[in-house]
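By convention here, the first residue in the shown sequence is residue 1. The shown structure was predicted, so the numbers you read here are calculated from the model rather than taken from an experiment.
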Amino acid sequence: MDIVEGSIAASASLFSGVAAVAAWRAARQANQNARTANDTAAAAREIAEQVAKIEQDRHHRELTPVLTVTLNRWRGDGRVPLLQVRLDGPQALDHLDEVTIEIRDSRDLSEAPVLGDGRDVEERNATLWGPYRFRAGLPGVADERTATLHGLRMDEVKPLALEETYPPSWYAGTGGVERWREEYAREPFLLWVRCRTEGLAPWTLSARLERIQTPGVDLRSPGPQVTVGGGY
């Protein structure tokens with residue numbers, strides 16, 4: 001190989017190396033660009049999901065049911081307490097598929113002292129510490145604490161029959177039931193109101209009905225009443 005041929009070969013080798021480096025750099029840059037594009041797309045999707053979630057939550061809040069809950073007496077028998085539930089809004093909601101009412105304890109007895117061999121703990125936890133419970137055996141009543149109304153439409157009023165609760169065994173004796181009634185005569189009637197309709201997440205509302213009646217006195221119409229819910 002003469003000098004000219006050697007120079008040509010060296011130049012070709014040099015250019016080949018330069019081309020390889022350039023190709024490597026181009027490939028690396030393309031990979032970086034692809035990663036940047038992927039990161040940008042992922043960030044855009046995350047932002048879009050966050051915006052959609054915010055909008056969904058806002059829409060859900062705007063559709064929060066407005067309910068009026070009233071404590072009354074059955075018209076045909078003034079001795080029977082009655083819980084009435086009416087859907088007042090919003091207009092865009094139109095109706096609820098289900099409204100589940102859960103009666104809460106009027107007092108927090110979780111830290112109350114207990115005596116004996118532990119049976120009183122079970123009885124304390126099983127007792128409904130409040131003025132009323134749901135009447136067993138009626139449609140929609142699951143137990144003394146829980147009842148469900150089905151298909152509540154706008155401005156519709158649906159009733160749930162109640163009855164007075166009974167005290168635990170340590171109230172036994174003369175005047176025990178009367179003493180229980182007197183203790184809860186002015187206690188608030190506390191409820192969870194859980195609303196469901198197809199296609200939307202459920203709502204859980206809290207209701208507090210103040211009671212100013214004395215035992216044995218019929219409630220006047222309208223009785224204690226509270227409006228719960230509404231967008232915010």
Q. Under the criterion side chain to side chain contact (heavy atoms under 4.5 Å, CB included), which of R35, R28, Q29 is the partner of N31?
A.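 The single option meeting the side chain to side chain contact (heavy atoms under 4.5 Å, CB included) with N31 is R35.
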Q. What are the two closest heavy atoms between R208 and P188, and how far apart are they?
A.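 Smallest heavy-atom distance, with atoms named: NH2-CG, 3.5 Å.
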**Q.** Atom of P65, atom of W203 and distance for their closest heavy-atom approach
**A.**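 Scanning both residues completely, I find the closest heavy atoms to be CD-CD2, 3.4 Å.
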Q) With sequence neighbours left out, what residues match L205 under side-chain contact (heavy atoms from CB on, under 4.5 Å)? A)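 Only T64, L67, V193, C195, V228 meet the side-chain contact (heavy atoms from CB on, under 4.5 Å) criterion with L205.
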In this structure, would [X] and [Y] fall into the same cluster of hydrophobic residues linked by side-chain contacts under 4.5 Å?
X    : Y    : answer
W170 : Y166 : no
V66  : W192 : no
V177 : Y184 : no
I103 : L209 : yes

Rounded to the nearest 0.5 Å, how far does [atom2] of [Y] lie from [atom1] of [X]?
X    : Y    : atom1 : atom2 : answer
L82  : L160 : CG    : CG    : 7.5 Å
L93  : M154 : CG    : CE    : 6.0 Å
I101 : F134 : CD1   : CZ    : 6.0 Å
T127 : E144 : OG1   : CD    : 8.0 Å
E178 : E183 : CD    : CD    : 12.0 Å
T100 : L191 : OG1   : CG    : 12.5 Å

Has [X] got a side-chain atom pairing as donor or acceptor with [Y]'s backbone, closer than 3.5 angstrom?
X    : Y    : value
T204 : R194 : no
K158 : H150 : yes
E164 : R181 : no

Q: State whether E102 and R104 are salt-bridged, where the test is any N-O pair (Lys NZ or Arg NE/NH1/NH2 against Asp/Glu carboxylate O) under 4.0 Å.
A: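 Salt bridge: no.
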Q. Going by an N to O cut-off under 4.0 Å, is there a salt bridge joining D155 and R86?
A.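 No.
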Q. Is the shortest heavy-atom distance from the side chain of L87 to the side chain of E156 under 4.5 Å?
A.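 L87 vs E156: side chains apart.
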Q. Using a distance-only test with no angle check, is there a side-chain donor-acceptor pair under 3.5 angstrom linking T165 and R133?
A.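 There is no such pair between these side chains.
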Q) Should the pair W180 and W129 be assigned to parallel (<30°), tilted (30 to 60°) or perpendicular (>60°) ring geometry? A)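 Judged by the thresholds at 30° and 60°, the geometry between W180 and W129 is tilted.
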